Each structure stands twice: as C-alpha cells, then as structure tokens.
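Reading through the structure tokens given below for one structure.
All figures in this text were calculated on a predicted structure; none of them were measured in a lab.
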Amino acid sequence: MNLYIKNMVCPRCIMAVRSMLVDAGLTSTAVDLGEAEIVEELTAQQLAALSEALAQMGFELLDDPRSRLVEQLRVGVIEWVRMEGTRPKLSDFLSARLHKDYSLLSKLFSEVKGITLERYAILHRIEYAK
C-alpha cells in the first residue's frame, strides 16, 4: 500500500516517518520524500490513527489525487534543485518524472499553491544556495 505524505523535505523527514511506521507496527518497503510504501493494507480506523500520528510530527496524509500530484511536483522541484552537475530543464524533468504534460502540471500547481512552478523553483534554488 502506498501512502502519500505532505511536508517531507529532507532525509530527516524520511527517518522520522520510517521510525513512526515502525512504532505503529507497520512494515515499510520504501520511504522516500512524499511517499511511503507499506506491506499492510490499512483499515479506515488504522488510517485515521496513522494520519493523527503523522500530523503530530508536522506531516499530512494525502488522499486526494490532485493533492498527491501537487506534492509530487513539490518533491520533484526539491530533487531538481538539489541535482549535481548539469540539470535538465524543469519542465522536461517534471514531465518525464510524472508522465504528464507540463502545461497541465503547471496549471494545477498554480491553482492549488497560488504560485507558478517556475517561481517556486526559483525560490527553492535561492533557499538551497543559502
């Protein structure tokens, strides 16, 4: 079962989520920025408890497909900013990563976040450089 998690931004977030899953008695096969894969299928009650535990750590469990896609875009921008060497164009990178047309992705991100993907990437590059 895949869990989509908002607000994961660094390796410490991955470690925190991995630890929280272990504490909850769940077996994770992979934990990455914005996503965790677990072996178990969760009931609605278990999902609510997991959502509460994540919220206490500053994360949010995403269940809406649009929110998931926006979070995947946000994580993609973070990974793009942190790339070493020559980076591809942001639009090419995100389109290839998510297998969707960039104009659709850009429009969705702007609608949900109130900022363009390009502006978000620029702000993130500035913060990363600091």
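Residue V75 is not grouped with residue L98 when hydrophobic side chains (ILVMFWY) are merged at heavy-atom distances under 4.5 angstrom, including chains of intermediate members. Note: the hydrophobic cluster containing L123 does not contain I78 (ILVMFWY, side chain heavy atoms under 4.5 Å, direct or indirect links). Put simply, Y4 and V31 are part of two different groups of oily side chains (I, L, V, M, F, W, Y) that touch within less than 4.5 Å, one to the next. Hydrophobic clustering (side-chain heavy atoms under 4.5 Å, transitive across Ile, Leu, Val, Met, Phe, Trp, Tyr) keeps V22 apart from L3. Hydrophobic clustering keeps M20 apart from M15 (ILVMFWY residues linked when any side-chain heavy atoms are closer than 4.5 Å, directly or through intermediates).
Put simply, the side chain of L69 reaches to within 4.5 Å of the side chain of Q72, judged on heavy atoms. Residues Y102 and D92 are not in side-chain contact: their nearest non-hydrogen atoms beyond the backbone lie 4.5 Å or more apart. Side chains of V9 and L33 form no contact here, defined as non-hydrogen atoms less than 4.5 Å apart. Side-chain contact between L50 and L26 is present, with heavy atoms from C-beta onward closer than 4.5 Å. Looking only at side-chain heavy atoms (C-beta outward), E60 and E71 stay at 4.5 Å or farther from each other. Looking at heavy atoms from C-beta onward, F93 lies in side-chain contact with M83 at the 4.5 angstrom threshold. Taking the side chain as every heavy atom from C-beta outward, S106 and E118 approach each other to under 4.5 Å. The shortest side-chain heavy-atom distance between D63 and L47 does not fall under the 4.5 Å cut-off.
Looking only at distances, a side-chain donor or acceptor of Q46 sits under 3.5 Å from a matching main-chain atom of T43. Panel note: side chain W80, backbone P88; a donor-acceptor pair is recorded below 3.5 Å. Put simply, the side chain of R74 gets close to the backbone of M8: a donor and an acceptor are under 3.5 Å apart.
Ring centroids of H124 and Y120 are separated by less than 6.0 Å, placing the two rings close together.
In E111, the CD atom is crowded: over 12 heavy atoms of neighbouring residues, nucleotides or ligands sit closer than 6.0 Å. Counting non-hydrogen atoms of neighbouring residues, nucleotides and ligands closer than 6.0 angstrom, the CZ atom of R119 reaches no more than 12 such neighbours.
Distance check: D101 CG to K107 NZ gives 11.5 Å after rounding to the nearest 0.5 Å. Here the straight-line distance linking atom CD1 of I122 with atom CG of L90 works out to 9.5 Å at 0.5 Å rounding.
Residues I5 and L62 come closest through the heavy atom pair C-CD1, 4.4 Å. Annotation for S28 and L21: closest pair CB-CD1, 3.9 Å, computed over non-hydrogen atoms. Taking all atoms of both residues into account, the shortest heavy-atom contact from L105 to L73 is O-CD1, 3.6 Å. The minimum heavy-atom distance linking R87 with V81 is given by the pair NH2-O, 2.7 Å.
In this structure D64 satisfies the side chain to side chain donor-acceptor pair (under 3.5 Å) test together with S67, sequence neighbours excluded.
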